[in-house]
Amino acid sequence: QAPVHVELAVLGERVGDTVFDTIPVHYAKTQFRIGGAEISASAIGRFRELADRADLLHYHFPWPMADVAHLLASTGKPSVLTYHSDIVRQIRLYRIYRPLMHVFLRQVDRIVATSPNYLQTSPVLAQFRDKTSVIPIGLDEHNYPAADAALLAHWRSRLPSPFFLFVAALLALMPLARAIRSAVQWVVSTGGSASVSATTRAATSGPSGGMREGRVLSRLSPGTPSSR
């Protein structure tokens, strides 16, 4: 079996190329944002160069810039799309974006849903079920680094059970907190953002509106809960 070579195209504040953990990463500068979606005119030409030498294009959804890049510069290469989420927050912009989204989803060759439940419940995926497969997002425990016993004991002493380790930036904490609020007292995050406190206060309110004992530890202030 031939080895698989992977390259990443990324929008951000920087430009140029780098290598991250042996994987080439190509940056294009974000010029502006619409409803949180990055827009970059320079990314189209860069993507065309990368797509021209690729055997397979892999997109992540939702990310409207990928729709535009695919339609303008994919060069007809085979494509697969990982469908992470329906668009549920930017409803007004979604109505404008929806025609472009449907053209994009019709053109990609295969769609990957990350759980059987998402495939069954997403109204968007229901329209493309014939070309959608389920590949759950998971981690191989055999690849985990060995945990330091002293460090484990430290965090277990600080965080009364049960607690939830959320490995991501807390930019969209509210749906997570609503899903787990009846089961945990603490949310611990390796990410962090300026909006953590405000988001947490809204997210951990109980059904009657009273505050629960939910707290967040963030990377910005790892020794102190961001919200009490």
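Just so it is clear, the values below take in all heavy atoms, side chains as well, and ignore hydrogens, waters and symmetry mates.
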Single-linkage hydrophobic cluster, 4.5 Å side-chain cutoff, F32 and L93 together: yes
Decide whether I96 and Y94 are clustered together by the hydrophobic rule: side chain heavy atoms of Ile, Leu, Val, Met, Phe, Trp, Tyr closer than 4.5 Å, transitively. no
Sub-4.5 Å side-chain heavy-atom contact between [X] and [Y]:
X    : Y    : result
L105 : Q127 : no
H26  : F47  : no
Y59  : S74  : yes

Could you list the residues that satisfy side-chain contact (heavy atoms from CB on, under 4.5 Å) with [X], not counting sequence neighbours?
X    : value
K131 : V108, R110, I111, F128
F20  : V25
I91  : R95
N117 : S115, T121

dist T132:OG1 -> L125:CG (nearest 0.5 Å) comes out at 5.5 Å
Would you compute the distance between atom CZ of F104 and atom OH of Y97 and round it to the nearest 0.5 angstrom? 7.0 Å
Got a sec, which residues hit side chain to side chain donor-acceptor pair (under 3.5 Å) with R129, two or more places apart in sequence or on another chain? none
If the condition is side chain to side chain donor-acceptor pair (under 3.5 Å), which residues does S122 pass it with, not counting sequence neighbours? D86
Which pair of non-hydrogen atoms, one from [X] and one from [Y], has the smallest distance, and what is that distance?
X    : Y    : answer
A147 : L152 : CB-CD1, 3.6 Å
A150 : D148 : N-OD2, 3.1 Å
A113 : L119 : CB-CB, 4.2 Å
S85  : Y118 : CA-OH, 3.1 Å

Trace of the side chain to side chain contact (heavy atoms under 4.5 Å, CB included) decision for I87 with R98: CA-CA 10 Å; I87 297 175; R98 184 164 48 193; over 6 Å; no
Counting distance only, does the side-chain N/O of [X] pair as donor-acceptor with the main-chain N or O of [Y] below 3.5 Å?
X    : Y    : value
K77  : L57  : no
S157 : H154 : yes
S40  : Q31  : no

Step by step, work out the side chain to side chain contact (heavy atoms under 4.5 Å, CB included) result for I44 and M65. CA-CA 9 Å; I44 302 300; M65 191 63 210; 3.4 Å; yes
Applying salt bridge (charged side-chain N to carboxylate O under 4.0 Å, His left out), which residue pairs with at least one partner in residues 40-56 are found, sequence neighbours left out? E7-R53, D17-R46, R46-E49
List for me each residue that meets ring pair (Phe, Tyr, Trp, His ring centres under 6.0 Å) alongside H58, sequence neighbours excluded, and say none if there are none. H60
Of all residues at least two apart in sequence or in a different chain, which pass the ring pair (Phe, Tyr, Trp, His ring centres under 6.0 Å) check with F61? Y83
Yes or no on side chain to side chain contact (heavy atoms under 4.5 Å, CB included) for M101 and V124, after CA distance, side-chain angles and deciding distance? CA-CA 10 Å; M101 177 193 75; V124 176; 4.2 Å; yes
Is V112 isolated, or which residues cluster with it under the ILVMFWY side-chain rule of less than 4.5 Å, directly or via members? L56, V80, I135
L50: hydrophobic cluster co-members (side-chain, 4.5 Å): none
